Amino acid sequence: MVAEFLSRLLMILTLRCEKASWLISESLDRKLRPHEWIALRGHQLACRGCPIVEKQLRLIRRASHRLAILRELSLSHSSKERIKEAIRQAERN
């Protein structure tokens, strides 16, 4: 029990970008455990790059979900292209 607590505390205090990126990715698929969430948020307060990685991963996830939906629709090619362009425009804004 004490060893597990110390292990979690060590993670919170020493989280590196590689592990933070992994946690960001994991957070898109599941709810992080409290010590993971605290470690990630604390790391992101001190790191300039990892918040950007999170934003990029969230963008990729949204885009891939939208493309999957488009593939399921039985629209003409030109209609799909117009929708894709509208998505790109919305992402830029």
Side-chain angles (χ1 to χ4, degrees):
M1 180 98 138
V2 173
E4 185 178 337
F5 172 78
L6 291 176
S7 173
R8 290 178 178 182
L9 182 60
L10 184 64
M11 177 189 179
I12 290 169
L13 297 174
T14 62
L15 188 67
R16 297 197 181 274
C17 291
E18 181 179 338
K19 179 73 172 183
S21 297
W22 180 81
L23 283 173
I24 291 166
S25 179
E26 283 291 303
S27 74
L28 297 175
D29 297 323
R30 67 174 175 87
K31 184 175 180 177
L32 296 180
R33 292 179 287 202
H35 71 280
E36 293 172 324
W37 186 86
I38 292 168
L40 180 58
R41 293 301 165 232
H43 176 83
Q44 287 183 321
L45 288 173
C47 179
R48 290 180 168 199
C50 286
I52 295 169
V53 169
E54 181 173 16
K55 185 176 179 181
Q56 292 170 339
L57 286 175
R58 289 186 185 283
L59 175 66
I60 291 167
R61 183 181 177 98
R62 281 194 314 271
S64 66
H65 282 243
R66 289 175 182 165
L67 287 175
I69 290 168
L70 285 178
R71 286 190 184 106
E72 292 177 11
L73 298 174
S74 56
L75 299 173
S76 68
H77 177 72
S78 62
S79 295
K80 288 180 182 179
E81 289 303 314
R82 285 196 308 271
I83 292 170
K84 287 179 189 177
E85 182 57 32
I87 291 170
R88 282 192 283 268
Q89 290 293 330
E91 293 294 337
R92 288 185 197 128
N93 298 332

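Keep in mind the model is a prediction, meaning the values are calculated, not measured.
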Problem set entry | Criterion side chain to side chain contact (heavy atoms under 4.5 Å, CB included) on Glu36 and Arg30, from CA distance to verdict | CA-CA 12 Å; Glu36 293 172 324; Arg30 67 174 175 87; 3.1 Å; yes
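- Side-chain atoms of Arg58 and Ser27, non-hydrogen and from C-beta on, do get closer than 4.5 Å to each other.
- Heavy atoms from other residues, nucleotides or ligands lying under 6.0 Å from CH2 of Trp22 number more than 12.
- By the rule that hydrophobic residues join a cluster once side-chain heavy atoms approach within less than 4.5 Å of another member, Leu28 and Val53 end up as members of one cluster.
- Between Ser76 and Ser79, the shortest heavy-atom distance links the atoms OG-OG, 2.9 Å.
- Salt bridge Glu26/Lys31: absent, no basic N to carboxylate O contact under 4.0 Å.
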Exercise. Passes salt bridge (charged side-chain N to carboxylate O under 4.0 Å, His left out), Arg41 versus Glu54? Steps please.
Worked result: CA-CA 11 Å; Arg41 293 301 165 232; Glu54 181 173 16; 3.5 Å; yes
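- When hydrophobic clusters are built by joining Ile, Leu, Val, Met, Phe, Trp and Tyr residues whose side-chain heavy atoms come closer than 4.5 Å, directly or via intermediates, Ile60 is not grouped with Leu67.
- In this structure, Arg48 places its CZ atom where only 12 or fewer heavy-atom neighbours from other residues, nucleotides or ligands lie under 6.0 Å away.
- Between the side chains of Ser64 and Arg61, not a single donor N or O lies within less than 3.5 Å of an accepting N or O.
- Taking 4.5 Å as the limit, some side-chain heavy atom of Arg66 sits within range of a side-chain heavy atom of Glu91.
- Shortest non-hydrogen contact noted between Cys50 and Gln44 is O-NE2, 3.7 Å.
- Summarising the geometry of Ala20 relative to Leu40, their closest heavy-atom pair is O-CD1, 3.7 Å, with the distance given to 0.1 Å.
- The shortest distance between side-chain heavy atoms of Glu85 and Arg88 falls below 4.5 Å.
- When side chains are defined from C-beta on, Leu15 counts as touching Leu23, because their heavy atoms get closer than 4.5 Å.
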